[in-house]
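The shown structure was predicted, so the numbers you read here are calculated from the model rather than taken from an experiment.
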Number of protein chains: 2
Amino acid sequence: MGLAERKERDKLELKKTILEAAQKMLLAHGQDGLSIRKIADEIEYSPATIYLYFADKDAILHELMEMGFGVMNEYMKDAFAQKDPIKRIHSIGHAYIRFGLENKDWYELMFNSDKPMKHIEKCCEDWDQGMAMFAFLTETCRQAIELHKMENVEEQILALQLWCSVHGLVNLALTERLEIVQQNNSQVLIEKTLDAIIHTIFKE
Amino acid sequence: MGLAERKERDKLELKKTILEAAQKMLLAHGQDGLSIRKIADEIEYSPATIYLYFADKDAILHELMEMGFGVMNEYMKDAFAQKDPIKRIHSIGHAYIRFGLENKDWYELMFNSDKPMKHIEKCCEDWDQGMAMFAFLTETCRQAIELHKMENVEEQILALQLWCSVHGLVNLALTERLEIVQQNNSQVLIEKTLDAIIHTIFKE
DNA sequence: AAATATAATAAACAGTGTTCAGTAAATTAC
DNA sequence: GTAATTTACTGAACACTGTTTATTATATTT
């Protein structure tokens with residue numbers, strides 16, 4: 001890449017360029033293979049330059065995490081549009097699991113890594129996308145509770161019950177810990193478990 | 001520490017000494033704060049010496065993981081002794097969560113880190129303790145299904161349903177992601193959710 | 001043309017896992 | 001008792017990591 005080309009590209013866009021390189025690296029080599037120095041190499045700047053645009057590596061990971069929610073929302077599109085709240089819950093569950101299994105590195109950053117969370121804490125920010133996701137699920141649960149006239153069920157607890165189930169399922173699968181239950185075909189195992197979870201809650 | 005003291009200590013016991021130092025470091029500073037060089041410093045040997053006793057860092061983390069299951073079994077003692085299978089499930093759930101919340105670094109190693117699992121894969125070994133734990137839970141579920149005459153419920157699926165729920169719950173709590181649901185008192189939130197999970201499955 | 005502001009960097013600091021040639025001490029063989 | 005061999009260990013290097021700071025080159029303003 002020539003010097004002229006680079007000059008044209010950067011200026012106001014260097015932050016974006018850094019994030020694009022970071023994303024490329026995340027998807028190619030995972031969070032462990034993502035280093036400031038390699039980003040610097042990729043975009044042909046020195047490592048120090050990156051620190052003029054981001055406070056530290058956690059800040060970059062935090063922005064990547066936010067981008068990850070964009071990717072997840074694509075998976076959720078159809079599910080969110082479901083009219084029936086219980087069908088919506090089912091679809092959200094499926095989409096969530098599919099997103100997790102197909103996007104290990106995004107998922108890790110969004111729901112497991114403490115680095116983006118450390119940035120949030122440091123900057124006194126909030127986990128906005130996480131909150132929005134949970135709020136939507138909670139509202140869907142409220143509708144399901146109302147529709148099914150379920151008694152003594154708190155919408156928040158129900159939402160958490162669903163979230164932690166799929167979260168646990170995805171994590172067990174991503175860390176190869178489901179293999180002890182069934183060597184191959186963990187996809188089927190996951191499907192069956194999700195169906196069982198929703199069935200035990202809503203009785204079909 | 002003098003030279004005589006060291007001579008006496010090591011010999012056949014160096015491997016143990018390394019693991020003890022590693023455990024101390026894990027509990028004091030977490031997995032990120034655990035380095036081969038710091039272990040070497042602590043036991044007053046060179047870093048290279050450690051590689052005469054362990055193939056690599058993953059091998060050390062794998063042995064630590066196995067030690068972690070020992071710690072967890074202490075938490076499980078009373079629960080395992082429960083006669084009634086449903087009460088046993090409840091107690092196991094409680095003990096599992098308590099262990100996870102009180103032992104973040106052990107838990108991380110046992111149920112999240114891919115480094116011990118990489119060692120297992122490399123050495124063509126099995127995740128023995130994980131399998132034993134799941135087998136016991138599955139057997140308990142079989143008993144519960146029998147006792148309650150539950151129809152169309154597979155013991156394995158039920159066991160996985162329970163495991164992934166508490167696993168997800170612990171992970172959300174440990175990564176500070178439960179705070180979006182409830183700022184303080186996440187302990188109560190977790191208890192309520194566990195109760196809800198078991199209630200929806202066994203109807204009281 | 002001189003003074004100032006901006007942008008980028010080289011180099012250093014303090015760490016990481018891992019390997020390998022080389023050394024010192026203990027053991028065995030003669 | 002000396003020589004040969006084995007065992008136990010280490011220093012130094014390699015290739016990395018995130019981060020900071022003094023310095024330089026360029027661009028803008030006075």
Student: Kindly state each residue pair satisfying salt bridge (charged side-chain N to carboxylate O under 4.0 Å, His left out) with at least one member in residues 80-96 of chain A, sequence neighbours excluded.
Tutor: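 Residue pairs passing salt bridge (charged side-chain N to carboxylate O under 4.0 Å, His left out), neighbours aside: none found.
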Student: Touch check for Lys115(A), heavy atoms < 4.0 angstrom, all strands: base, sugar-phosphate only, or nothing?
Tutor: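 No contact.
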Student: Over how many whole Å does the gap from Asp41(B) atom CG to dA14(C) atom C1' extend?
Tutor: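 In whole Å, dA14(C) C1' lies 13 Å from Asp41(B) CG.
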Student: Just how far, in rounded Å, is P of dT19(D) from NZ of Lys38(A)?
Tutor: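 For the pair Lys38(A) NZ and dT19(D) P, the rounded distance is 15 Å.
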Student: Can you label the angle between the Phe80(B) ring and the Phe136(B) ring as parallel, tilted or perpendicular, going by 30° and 60°?
Tutor: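 Ring orientation of Phe80(B) relative to Phe136(B): tilted.
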Student: May I have the distance from Asp32(A) (atom CG) to dG18(D) (atom P), rounded to whole angstrom?
Tutor: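 My rounded result for the distance is 11 Å.
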Student: What's Ile39(A) touching, base or sugar-phosphate or nothing? Going by heavy atoms closer than 4.0 Å.
Tutor: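 It contacts nothing in the nucleic acid.
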Student: May I ask you to evaluate whether Tyr53(B) reaches the phosphate of dC9(D), defined as a side-chain N or O under 4.0 Å from OP1 or OP2?
Tutor: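 So the side-chain polar atoms of Tyr53(B) do come within 4.0 Å of the phosphate oxygens OP1 or OP2 of dC9(D), strictly under.
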Student: Rounded to the nearest Å, what distance is computed from the CD1 atom of residue Ile18(A) to the P atom of nucleotide dA7(C)?
Tutor: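 About 13 Å, once rounded to whole Å.
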Student: Can you list, pair by pair, the side-chain donor-acceptor contacts under 3.5 Å of residues 92-99 of chain A, counting residues two or more places apart and other chains?
Tutor:
{"from": "His94(A)", "atom 1": "ND1", "to": "His90(A)", "atom 2": "O", "distance (Å)": "3.4"}
{"from": "His94(A)", "atom 1": "NE2", "to": "Glu191(A)", "atom 2": "OE1", "distance (Å)": "2.9"}
{"from": "Tyr96(A)", "atom 1": "OH", "to": "Tyr107(A)", "atom 2": "OH", "distance (Å)": "2.7"}
{"from": "Tyr96(A)", "atom 1": "OH", "to": "Trp163(A)", "atom 2": "NE1", "distance (Å)": "3.1"}

Student: Taking only the side-chain nitrogens and oxygens of Ser46(A), find out if one of them lies under 4.0 Å from OP1 or OP2 of dT9(C).
Tutor: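 Checking dT9(C) against Ser46(A), a side-chain N or O does come within under 4.0 Å of OP1 or OP2.
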Student: Identify which nucleotide among dT10(D), dT18(C), dT19(D) has an atom closest to any side-chain atom of Tyr51(B), counting heavy atoms from C-beta outward.
Tutor: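 Ranking dT10(D), dT18(C), dT19(D) by closest atom to the Tyr51(B) side chain puts dT18(C) first.
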Student: Need to verify one output field. Residue with the more 5' nearest nucleotide on DNA chain D, Ile36(A) or Ala48(A)?
Tutor: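 First, find each residue's nearest nucleotide; the 5'-ward one identifies Ile36(A).
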Student: Atom CG of Leu61(B) to atom P of dG17(C): distance rounded to whole Å?
Tutor: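 Rounded to the whole Å, the gap is 10 Å.
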Student: Without decimals, in angstroms, what is the distance between Lys57(B) NZ and dT19(C) P?
Tutor: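 In whole Å, dT19(C) P and Lys57(B) NZ are 14 Å from each other.
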Student: From the options Ile197(B), Leu147(B), Leu158(B), select the one residue that forms a side chain to side chain contact (heavy atoms under 4.5 Å, CB included) with Phe202(B).
Tutor: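 For Phe202(B), the side chain to side chain contact (heavy atoms under 4.5 Å, CB included) check succeeds only for Leu158(B).
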Student: Which atom pair, heavy atoms only, marks the closest approach of Leu34(B) to Lys57(B)?
Tutor: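 Reported closest heavy-atom pair: O-NZ, 2.8 Å.
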Student: Need one value for Thr49(A): base, sugar-phosphate or nothing, where a base atom within 4.0 Å counts as base even if backbone is also close, heavy atoms only.
Tutor: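 Counting heavy atoms under 4.0 Å across all strands, the contact made by Thr49(A) includes a base.
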Student: Should the side chain of Arg37(B) and the base of dG17(C) be counted as holding a donor-acceptor pair, with the cut-off at 3.5 Å?
Tutor: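 Result: at least one qualifying N/O pair found.
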Student: Would you call Arg142(B) and Glu146(B) a salt bridge, using N to O less than 4.0 angstrom?
Tutor: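 Between Glu146(B) and Arg142(B) there is a salt bridge, with a charged N closer than 4.0 Å to a carboxylate O.
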Student: Could you work out how much the helix from dA1(C)-dT30(D) to dC30(C)-dG1(D) bends, comparing the axis of its first five pairs with that of its last five, to 10°?
Tutor: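 Axis-to-axis angle, ends of the helix: 30°.
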Student: Between Phe111(A) and Phe69(A), does a ring pair (Phe, Tyr, Trp, His ring centres under 6.0 Å) hold up when you go through it step by step?
Tutor: CA-CA 10 Å; Phe111(A) 296 110; Phe69(A) 273 95; 5.7 Å; yes
Student: Nearest to the Leu52(A) side chain among dT10(D), dG17(C), dA8(C), which nucleotide is it?
Tutor: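 The listed nucleotide nearest to Leu52(A)'s side chain is dA8(C).
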Student: Can you check the Asp58(B) CG to dG17(C) P distance for me, whole Å?
Tutor: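 From Asp58(B) CG to dG17(C) P: 11 Å.
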Student: Report the distance from atom NZ of Lys118(A) to atom P of dG18(D), rounded to the nearest whole Å.
Tutor: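 Interatomic distance, NZ of Lys118(A) to P of dG18(D): 13 Å.
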